[in-house]
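Letters go in sequence order (proteins before strands), and every chain restarts at 1.
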There are 2 protein chains.
Amino acid sequence: MAEQAETLRRTPLNRDRILRAAVTLADGAGIESLSMRNLAQELGVVPMALYKHVANKDELLDGMIDVVVGEIEPLTPGVGWQPAIRRRVLSARQVLRRHPWASLAIESRSAATPAVLGYLDSMIGALRAGGLSADLTHHVMHALGSRILGFSQELFDASRQAGRTGPTTPAPPAPLPPEVAARFPHVAEIATAAAHDTGTVVGAGCDDQFEFEFALDLLLDGIERLRARGWTSAH
Amino acid sequence: MAEQAETLRRTPLNRDRILRAAVTLADGAGIESLSMRNLAQELGVVPMALYKHVANKDELLDGMIDVVVGEIEPLTPGVGWQPAIRRRVLSARQVLRRHPWASLAIESRSAATPAVLGYLDSMIGALRAGGLSADLTHHVMHALGSRILGFSQELFDASRQAGRTGPTTPAPPAPLPPEVAARFPHVAEIATAAAHDTGTVVGAGCDDQFEFEFALDLLLDGIERLRARGWTSAH
DNA sequence: ATTGACAGGTGTACGGCGTACACCTACCGT
DNA sequence: ACGGTAGGTGTACGCCGTACACCTGTCAAT
């Protein structure tokens, strides 16, 4: 009876359940506390049980990436290449904001997973359909770089200055400490410059979404100009 | 005597020697084999000895980053903002190609180190001196993103498909496997499209340097256009 | 010359990690 | 009824970062 209840209580554990649990764990507790042991415990199972469904931790991470990439919405049909790409990249960005660990995970993998390749493939298809030459498309993919997957490094975010905060505290506005401002005057000026709509005086964080779209449009507009000019490699 | 010889043989170990050894080890054997134990052995010392000079492994990594950033050549004075930035970013890129582990290390740190902040600061100074408004400069820093530190994610490099190669094998040209090409036709087309000057037929890797400069100039030109227009945030 | 503080290298040990390997057990087609 | 197999278990190994107690050589003040 008790055993039967227990048998019913947990679904028999499969690759999908493992991946979803891993993503949830990484989202909630941070990627650094995603260990095979923790994950197994979360699933009410002994660590080695996981290895019957994923080859090793690297493959687990690949699977998690695929889950995340799968959340990106498909290309909108029937619009120009520029809005189509734009929308999808911004969708990717939303997804990656839900899974902050994913960008680093994607970058640190040595090879793209099939899901990532599929994503890139459809993106390239949209560019080609939009009239970009194969050559230009190639360069464009490089130029967009990681932005095409919805993330760009926030290494300019000087307000991440203080000791690392756990993944539970997403990002408190954190004003620039005065001693830092004194040592790096230009950084200080810039940090406060674009505190757009937020009314707070002491250089509250900038509008990340605006920054992302600014860079994206800068690139997209430049690309469109090249395309309209019938760009071919002068290389 | 023997002890005296031994005493002479090894310089008394200081933070600088540790950092340089760590960088060398990471360059040569890959960041994944940089452990406190390995590093200590390399220095002919017991692991715990390192902790008299660096607080912990995170601080060691910060120090390594500072060493790398310190190798980037300073701003060229007396030229316009655009070539000045361009030169320095390309210098940063050269440095990061010598230390392939560094880009991921920089990204994974939660806060910028003082050396990185100083680097960004001087970069911002050059933009401001070039006539960009503080506001525009802010956006520009975001737009350039990690490229300003000399790296962009190579996640489009589909030829990194096969099993991970050790850091000793830098990047064999590795043609796109046919089954991958079949599944991702657009990727395949693009991968072969821009095999520029290299004469090899089977889609040898693309010219990374060209790609990097293409993206960089796309951004720089777009920025210059904004500046010339007297850009102010229409936000 | 003696001492005592202190900088810096050593040794041991702990808890956590990924995972190899042998094992058990429940089910299923014959 | 039974052997194979899929899937969960338990133990163990070798790594990791690092806390903590210890030793030793140097040098300033006595």
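Here dT9(D) is the nucleotide among dT9(D), dG18(C), dT18(D) with the atom lying nearest to any side-chain atom of A49(A). Here the side chain of V45(A) is nearest to one of dT19(C), dT18(D), dT9(D), namely dT9(D). Set against dG17(D), dT10(C), dT11(D), the side chain of K57(B) has dG17(D) as its closest nucleotide.
Here the C1' atom of nucleotide dA6(D) and the CG atom of N14(A) are 13 Å apart, to the nearest Å. Atom OH of Y51(B) is separated from atom P of dG11(C) by 17 Å (rounded to the nearest Å). Protein atom CD of E32(A) is 16 Å distant from nucleotide atom P of dG17(D), rounded to whole Å. Between the CD atom of Q41(B) and the C1' atom of dG9(C) there is a distance of 16 Å, given to the nearest Å. E59(A) has its CD atom 11 Å from the P atom of dT19(C), to the nearest Å. Atom CG of L43(B) is separated from atom P of dG8(C) by 15 Å (rounded to the nearest Å). Counting to the nearest Å, the P atom of dG17(D) and the CD1 atom of I18(B) are 14 Å from each other. Atom CG in L50(B) sits roughly 13 Å away from atom P in dA19(D) (whole-Å rounding).
Expressed to the nearest 0.5 Å, how far CD of E107(B) lies from CG of L104(A) amounts to 6.0 Å.
One finds a salt bridge joining R15(A) and E59(A) here, because a Lys/Arg side-chain nitrogen approaches an Asp/Glu carboxylate oxygen to under 4.0 Å.
Of the candidates L216(B), L144(B), I72(B), L149(B), V89(B) forms a side chain to side chain contact (heavy atoms under 4.5 Å, CB included) with just one, namely L216(B). Tested against L43(A), the residues L25(A), N38(A), L13(A) include a single side chain to side chain contact (heavy atoms under 4.5 Å, CB included) partner, L13(A).
Of the residues near DNA chain D, S35(B) and H53(A), the one whose nearest nucleotide (by heavy atom distance) lies more toward the 5' end is H53(A). In terms of position on DNA chain C, the residue among P47(A) and M48(B) whose nearest nucleotide sits closer to the 5' end is M48(B).
Remark: the R37(B) side chain and the dG17(D) base include a donor-acceptor N/O pair separated by less than 3.5 Å.
Inter-residue side-chain proximity for L19(A) and D66(A) is flagged as unmet; no heavy-atom pair is nearer than 4.5 Å.
Residue contacts shown for K52(A) include a base, since a base heavy atom lies under 4.0 Å away.
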